[in-house]
Amino acid sequence: QSQELSEVQIDYHAALQALVEEGTRMVCTGRMHTDRICRFEYLCYSTEAEEFVYFHSNSSVMLPNLGSRRFQPALLDLSSVEDHNTQYFNFVELPAAALKFMPKPVFVPDVALIANRFNPDNLMHVFHDDLLPIYYTMQQFSDLDLEARLFFMEGWNEGVHFDLYKLLSNKQPLLKEELKTLGRLLCFTKSYVGLSKITTWYQYGFVQPQGPKANILVSGNEIRQFTKFMMQKLNISLEESSGEEYIVVFSRTMNRLILNEAELILALAQEFQMKTISVSLEEHSFSDIVRLISNASMLVSMHGAQLVMSLFLPRGATVVELFPYAINPEHYTPYKTLATLPGMDLQYIAWQNTDREDTVTYPDRPWDQGGIAHLDKAEQERIIKSTEVPRHLCCRNPEWLFRAYQDTKVNIPSLIHVIRQTVKSKPGPKKQKWSGSLYPGKVRDAKCQASVQGTSEAKLAVSWQIPWNMRYLKVREVKYEVWIQEQGENTYMPYILSHQNHTFSENIKPFTIYLVWIRCIFNKNLLGPFADVLLCST
Ligand code: UDP
């Protein structure tokens, strides 16, 4: 048995007996393969077949038991990228009795999280698809603590950012390739399979052009809990700033270059009267970049994966994303979406090069670096003449790659003008108080009293008490929304009121039943729930 796995001792014979007698047990959450995470006891993996194995025995459990729907298309997504057909998880089934004829199982004693990394060489993908989802999947299940072990099954090597994955647990993550060295049949004592998608905010354009996810469920608070954890692991203290404010220009050194970077740095320094420094993934350690960004007032960078580092910016900072010629900033918004998540409290500014003179193209490079020489002449000409890349699907659109890998001479006055439209005085982290928004509860003790005047006029006096949680809150503005609906009608009369009672007389008829709906609103846009409907007869 390998050294790697022997840190936690288990009783081999007891484990083998449990596997043979009880088989595999699986209980999952989620209704669809796209939102499912499964917890297993005694899930096994054949390193020869490269398949997971579920052993049936007297006590085995399989929930959900999908029958052949398990293959339509899969039990679950192994990466956080939704429904990607290269990222599916399934297992093959065997009777536990078959173990007699199989290689001796090697047991994995650590609690395991089994998942796929999506694109471990691209920093945006590393954070968005892997690190945040792994971190919050581990938060979801209490036995996935720092002693848990990560297993990456996508089949890649470590990749350039492996050190970041190592921060998530105290144990070395294992790659698919390494499992072979552990044994022919691995059995995970306890494991979780799949990743939570709850923190992802972007879809990359596999089935429709790329854009923000339809239903974003993460806010800046959870993002910052994660970055705080990462910074602790990197030994970077949060408030070590000398107090001096500065701007960071995050540059790329291989492609998609800023051609007049020195000029840009000088111009920013002069305009905002701040020190301006340049960093790149090639020339700085990851920790140094995080340390610098986490205290910066502004981050300026070409569109590209390095911009995901705005995760680490302090509240109140500004993100300036530069787009090469013919690339519409509205069509590529992973970093805009991140910066504008509720509670991220970042200012986002996009600048686009609109001047053909200021772009340098590379038609003769290989296709994956944006070359177009392999296309037929007419198509090459069309692309070169085009002033905007039309919306497209991921990932090999040659016109997109051609434009994405241009170098740009940034038009300084135009850039400063765009930044100045948003950043009026000095940019920078505002040491603001926590401004989390809390929602009101239901209004309480709603009552109504009707009075009828003659045969055609009536009044309805409605009163209620403040929501219970309001007593404990400082709220700038409190309003009440009241809807009055005649029973059986589809329409209602809406009112916005400042007090806890009101007498309605407009359009109130005698001898009629009204449904009254009341909710509280904090600070104009924090809508609370409606209280139970109030029935009022005039
Ligand atoms: N990258 C870099 N310097 C460069 C070009 C790329 O550090 O000059 C990094 C980039 O930040 C990303 C990875 O290399 O993490 C892949 O870059 P690519 O251009 O393929 O992707 P994009 O940045 O467009 O997402």
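Indexing begins at 1, ligand by ligand and atom by atom, following the structure's order.
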K.L.:
Considering only the protein, which heavy-atom contact is closest to atom 15 (O) of ligand 1, and what is its distance?
P.N.:
Leu123 N, 3.0 Å
K.L.:
Start with the C-alpha gap between Arg420 and Glu271, add the side-chain angles, then the distance that decides, and say whether salt bridge (charged side-chain N to carboxylate O under 4.0 Å, His left out) holds.
P.N.:
CA-CA 10 Å; Arg420 273 300 184 202; Glu271 176 69 25; 2.7 Å; yes
K.L.:
Please determine whether the number of non-hydrogen atoms from other residues, nucleotides or ligands lying under 6.0 Å from atom CD of Glu177 exceeds 12.
P.N.:
no
K.L.:
For atom 2 (C) of ligand 1, which protein heavy atom lies nearest, and how many Å away is it?
P.N.:
Glu282 OE2, 3.1 Å
K.L.:
Go through the steps for Tyr332 and Phe323 under the test ring-ring contact (aromatic ring centres under 6.0 Å, His included), then give the verdict.
P.N.:
CA-CA 9 Å; Tyr332 308 92; Phe323 289 84; 7.1 Å; no
K.L.:
Tell me the nearest of Gln369, Arg256, Met254 to atom 8 (O) of ligand 1, using heavy-atom distances.
P.N.:
Met254
K.L.:
Backbone or side chain, does any N or O of Tyr405 fall under 3.5 Å from an N or O of ligand 1?
P.N.:
yes
K.L.:
Compare Gln306, Met124, Arg252 and give the one whose heavy atom is closest to atom 23 (O) of ligand 1.
P.N.:
Arg252
K.L.:
At a 4.0 Å cut-off, with the gap strictly under it, does some heavy atom of Asp121 reach an atom of ligand 1?
P.N.:
yes
K.L.:
Would you check if the side chain of Glu154 reaches a backbone N or O of Phe118 as a donor-acceptor pair within less than 3.5 Å?
P.N.:
no
K.L.:
One residue to check: Asn122. Relative to ligand 1, which of side chain, backbone, both or neither has a non-hydrogen atom less than 4.0 Å away?
P.N.:
both
K.L.:
Can you tell me if CD on Gln140 sees more than 12 non-hydrogen neighbours from other groups inside 6.0 Å?
P.N.:
yes
K.L.:
Centre-to-centre under 6.0 Å for Phe151 and Phe188, is that the case here?
P.N.:
yes
K.L.:
Which residue and atom name correspond to the protein heavy atom nearest atom 12 (C) of ligand 1, and how close is it?
P.N.:
Ala305 CB, 3.5 Å
K.L.:
Report the part of His303 in contact with ligand 1, treating N, CA, C, O as backbone and CB onward as side chain, heavy atoms under 4.0 Å; options are side chain, backbone, both, neither.
P.N.:
neither
K.L.:
Is there a nitrogen or oxygen of Gly304 sitting under 3.5 Å from a nitrogen or oxygen of ligand 1?
P.N.:
no
K.L.:
When only distance counts, is Leu281 in polar contact with ligand 1, meaning an N/O pair under 3.5 Å?
P.N.:
no
K.L.:
Identify the two heavy atoms, one from Ile198 and one from Leu217, that lie closest to each other, and give their separation to 0.1 Å.
P.N.:
O-CB, 3.7 Å
K.L.:
Looking at Lys228, I want to see if its NZ is surrounded by more than 12 non-hydrogen atoms of other residues, nucleotides or ligands under 6.0 Å.
P.N.:
no
